[in-house]
Amino acid sequence: MPLLKKKPFTLLEPPKDLEPNELVYQVRFTKEIFRDYEVYLNRINLYRQRFWTCKVSGKGNLTYEEALVSEKHAAEKVPEIPKELMTPALRTIHFSMLSLKDLADTIAAKLQEHLFVGAELHGKRKKGDLCPCKILKVLEDSTVKTKYEVAWLDRNKKVTETAVVNRDDLIWKKSPFSRNSLKPFIRKSTRQSFPWVLHDKLAEKYRISMDPPQDLKGIVFIQDGAVYNKRKKDAMEVKDSGKLKKKKVEAEEAEATKKEDNHQKEEPIKYPIDDLLVQPETDDPVFTVRPLPSRDFNVPMDGVGDLLMVWDFLSSFSKLLHLWPFSLEDFENAICRKGSNVNLIVETHSSLIRLLKSEKDECFSAVQKRTRALKITLTNWTDYLCDFLEIINIGDLSTHITTIKRGHYGLLDAQVKLGILRELVNQVLETDIAREKLAGYVEERQVLLSMKRGEALEEGRKKREEKEWLKAKSVDNGATNGHGVDSTGNNQPVLSNGNHIGQNGQIAKNKGEAFSTRPNHASNSRHLEIESKKTGKKKNMGVESQAEKGIDLTKKEASLLLRDEKIAASTWSIKERRRAYFERELEKRILHTNPLGKDRDYNRYWWFKRDGRVFVESSDSKLWGCYCCKEEIDALMGSLNPKGERERALQKQVEKFYSRICLELQKRSKDLATKIALEEAVHRRSTRVRALPRENPANAFLNYVNRWKED
């Protein structure tokens with residue numbers, strides 16, 4: 001059972017009053033049952049946290065399910081200790097205060113002293129030589145030392161003869177149980193550490209007392225069935241004594257607040273969550289009905305996966321294989337055609353065999369001893385194919401060797417042909433040439449990604465500098481706009497024309513006119529009247545001049561805006577071109593095709609850039625389908641619920657490649673319409689002017705020519 005923060009964790013028991021038809025929520029990997037959805041969701045979130053530990057191996061930072069898988073794998077590696085040694089090993093573990101490392105060393109040393117039937121070690125023969133041997137029987141005698149009947153082994157571990165030897169003549173050259181192998185055994189056998197305590201059932205099975213030994217009675221005590229270390233517990237109580245009161249006060253306050261607010265609002269669920277946990281809500285958009293994918297394949301349903309895998313490999317590494325690319329439809333039609341050998345199939349097999357032969361692979365090491373032509377041609381490619389099938393020796397494929405030798409490869413079933421091609425592709429992937437090519441792709445992709453990352457960092461730096469410059473400019477403009485205020489903070493009185501009147505004997509000058517600050521009210525009023533008339537005329541003139549200037553300003557601003565828009569558009573187009581360049585170059589160096597994602601029911605969605613269709617693979621990989629038009633893709637996107645983790649990721653990937661998918665599907669639909677029109681035209685012709693089979697668009701794969709074929 002996984003440990004929660006390195007402490008034992010107990011699962012919840014199912015409710016006792018469950019009805020047979022009651023709807024409940026069950027955790028898949030613990031089989032716990034819940035009635036309340038919120039409690040079930042909290043439990044699932046707890047299991048998804050990364051603070052679980054594998055009890056057997058001690059690995060931490062795992063989810064609960066990962067810890068279960070780790071325990072399963074670690075339990076398989078736990079050594080099988082013989083029954084004769086189980087009791088002394090468990091007695092050494094029980095109530096031990098040693099660390100895990102020291103305890104494992106102690107057990108290894110004790111088990112080395114005990115010999116058991118089946119142990120392989122070394123013994124001294126009559127000449128004094130050490131020879132490997134195996135214990136067959138333990139001969140016990142009360143008067144004499146224990147003797148052992150052993151079988152002497154040769155280099156191949158075969159028994160040569162038997163003999164009876166003493167215990168002193170038997171030597172372990174290597175300890176039968178290492179420290180690392182005993183650590184999982186200790187963890188698996190115990191329920192707690194420091195002190196190490198065995199499981200109750202295990203102790204009862206080997207008749208080991210659960211009472212602490214006499215030398216630990218003052219150190220260890222049992223309370224409520226649990227074993228405690230007194231020193232450790234006293235230290236923890238002293239350490240936490242100051243915190244207990246504070247925790248009690250906080251707990252009381254929390255309970256008081258809960259009682260006051262009985263109708264607290266439920267915490268909203270943080271999406272996305274697991275798709276199977278998503279419940280319909282009133283604010284959900286209207287989801288479209290997911291269209292059923294087309295299952296119209298020429299090959300059997302079990303062979304669709306092999307068909308796509310082989311075609312994708314041949315298309316991705318066509319230059320390495322010196323094989324001219326072909327469409328998926330042509331490949332499928334060529335596989336399903338029975339009768340004469342199709343050139344497309346012949347060239348495909350020849351290119352794969354040629355690469356294996358040039359690599360001097362182990363599969364063709366035996367072929368060199370046979371009298372075969374050095375060059376693979378249209379006549380002898382089946383000989384090399386039969387040699388390959390004989391060497392790999394797969395029962396389902398080897399039975400068809402005689403049919404191929406007779407020259408009837410075309411009569412094989414499509415599934416058998418795909419199985420042969422699958423094995424050829426797997427063998428090619430293990431060659432040094434393919435691995436070097438993949439390693440080169442990895443290096444080139446890393447260079448491209450580093451360049452892309454560098455350009456993104458440079459662009460971000462420029463944006464930050466531009467923001468800082470604009471901020472500094474705005475601060476400068478704000479400082480210059482406030483220059484009309486007096487430095488002392490006192491605003492001077494202003495005339496109707498905007499001129500300031502001096503105070504305390506100061507003189508304000510404007511356009512050669514002087515105003516006295518002495519209290520001559522008559523002269524001041526007269527000057528003010530004259531000034532108001534002048535300013536009125538100036539205002540009327542100013543309005544007309546500002547209107548004319550406004551037209552000029554708007555034209556200038558428009559030209560500046562147009563120029564800025566052009567610059568922004570050019571920079572944006574440069575960015576788009578660079579982004580498209582990086583995507584294009586990364587696609588050229590593809591390592592393998594990944595699915596677009598998974599839906600709620602774990603169905604995988606595949607999109608191959610050279611075909612256009614979106615293929616759907618069921619969760620058990622037994623059923624396949626495909627979407628062939630834009631309307632189906634739109635309906636698929638409308639049916640995905642972004643509240644689920646898998647469907648949200650799938651929706652993002654489909655949106656990312658949506659334009660390209662639709663473009664490829666449109667091209668495909670146009671080509672299909674053209675083919676249908678040509679087929680109808682062929683059927684409408686007179687019987688006196690019959691068209692050759694190769695002229696039919698459905699048989700276009702018969703015209704395949706490998707333009708990249710090596711001479």
Side-chain angles (χ1 to χ4, degrees), residues 1-14 16 29-32 52-58 64 67-119 138 140 176-233:
M1 186 68 66
L3 303 177
L4 177 62
K5 295 182 179 179
K6 298 184 179 181
K7 294 182 180 179
F9 179 78
T10 55
L11 300 178
L12 297 176
E13 296 183 358
K16 295 181 180 179
F29 39 84
T30 62
K31 307 303 179 184
E32 292 176 297
W52 296 91
T53 305
C54 173
K55 189 179 185 303
V56 181
S57 64
Y64 188 89
L68 281 176
V69 175
S70 177
E71 284 185 359
K72 183 180 178 182
H73 293 321
E76 295 173 356
K77 298 179 182 179
V78 174
E80 294 184 4
I81 297 178
K83 293 181 180 179
E84 299 87 355
L85 305 182
M86 279 293 289
T87 302
L90 294 177
R91 289 188 184 278
T92 306
I93 295 171
H94 199 41
F95 285 107
S96 174
M97 301 291 288
L98 298 174
S99 64
L100 182 62
K101 177 183 173 183
D102 296 337
L103 182 59
D105 292 337
T106 304
I107 296 172
K110 282 193 176 183
L111 295 183
Q112 196 169 356
E113 298 174 359
H114 295 78
L115 300 182
F116 53 92
V117 176
V138 180
E140 296 181 356
F177 304 103
S178 64
R179 178 202 300 167
N180 292 331
S181 63
L182 288 172
K183 282 181 180 179
F185 170 74
I186 296 170
R187 292 195 187 97
K188 187 179 178 181
S189 305
T190 56
R191 70 185 187 191
Q192 74 175 64
S193 60
F194 200 72
W196 298 93
V197 181
L198 298 175
H199 292 292
D200 295 340
K201 292 183 179 180
L202 191 63
E204 185 180 354
K205 181 180 178 181
Y206 290 94
R207 298 179 181 180
I208 299 174
S209 175
M210 294 300 295
D211 297 329
Q214 293 292 334
D215 55 343
L216 293 179
K217 281 195 173 180
I219 303 173
V220 174
F221 67 95
I222 299 175
Q223 183 179 352
D224 298 332
V227 181
Y228 294 97
N229 184 355
K230 189 175 182 181
R231 296 174 184 175
K232 187 176 179 181
K233 189 172 183 181

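By convention here, the first residue in the shown sequence is residue 1.
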How many angstroms lie between atom [atom1] of [X] and atom [atom2] of [Y], to the nearest 0.5 angstrom?
X      : Y      : atom1 : atom2 : value
Phe9   : Trp52  : CZ    : CH2   : 4.0 Å
Met86  : Ile81  : CE    : CD1   : 6.0 Å
Arg91  : Leu198 : CZ    : CG    : 10.0 Å
Lys183 : Leu103 : NZ    : CG    : 11.0 Å
Trp196 : Leu90  : CH2   : CG    : 13.5 Å
Arg191 : Lys201 : CZ    : NZ    : 13.0 Å

Do [X] and [Y] have side chains that get closer than 4.5 Å, going by heavy atoms?
X      : Y      : value
Phe116 : Val138 : no
Leu68  : Pro2   : yes
Met210 : Asp200 : yes
Lys110 : Pro88  : no
Asp105 : Leu182 : no
Leu11  : Lys31  : no
Thr87  : Arg207 : no

Original post:
Are the side chain of His94 and the backbone N or O of Val197 linked by a donor-acceptor pair below 3.5 Å?
Top reply: no
**OP:** For Glu32 and Leu12, indicate whether the former's side chain and the latter's backbone hold a donor-acceptor pair under 3.5 Å.
**Re:** yes
**OP:** Work out which heavy atom in Ser57 is nearest to a heavy atom in Ala74; give both atom names and the distance.
**Re:** CB-CB, 4.0 Å
Original post:
Could you go step by step and tell me if Lys55 and Lys188 meet the side chain to side chain contact (heavy atoms under 4.5 Å, CB included) rule?
Top reply: CA-CA 7 Å; Lys55 189 179 185 303; Lys188 187 179 178 181; over 6 Å; no
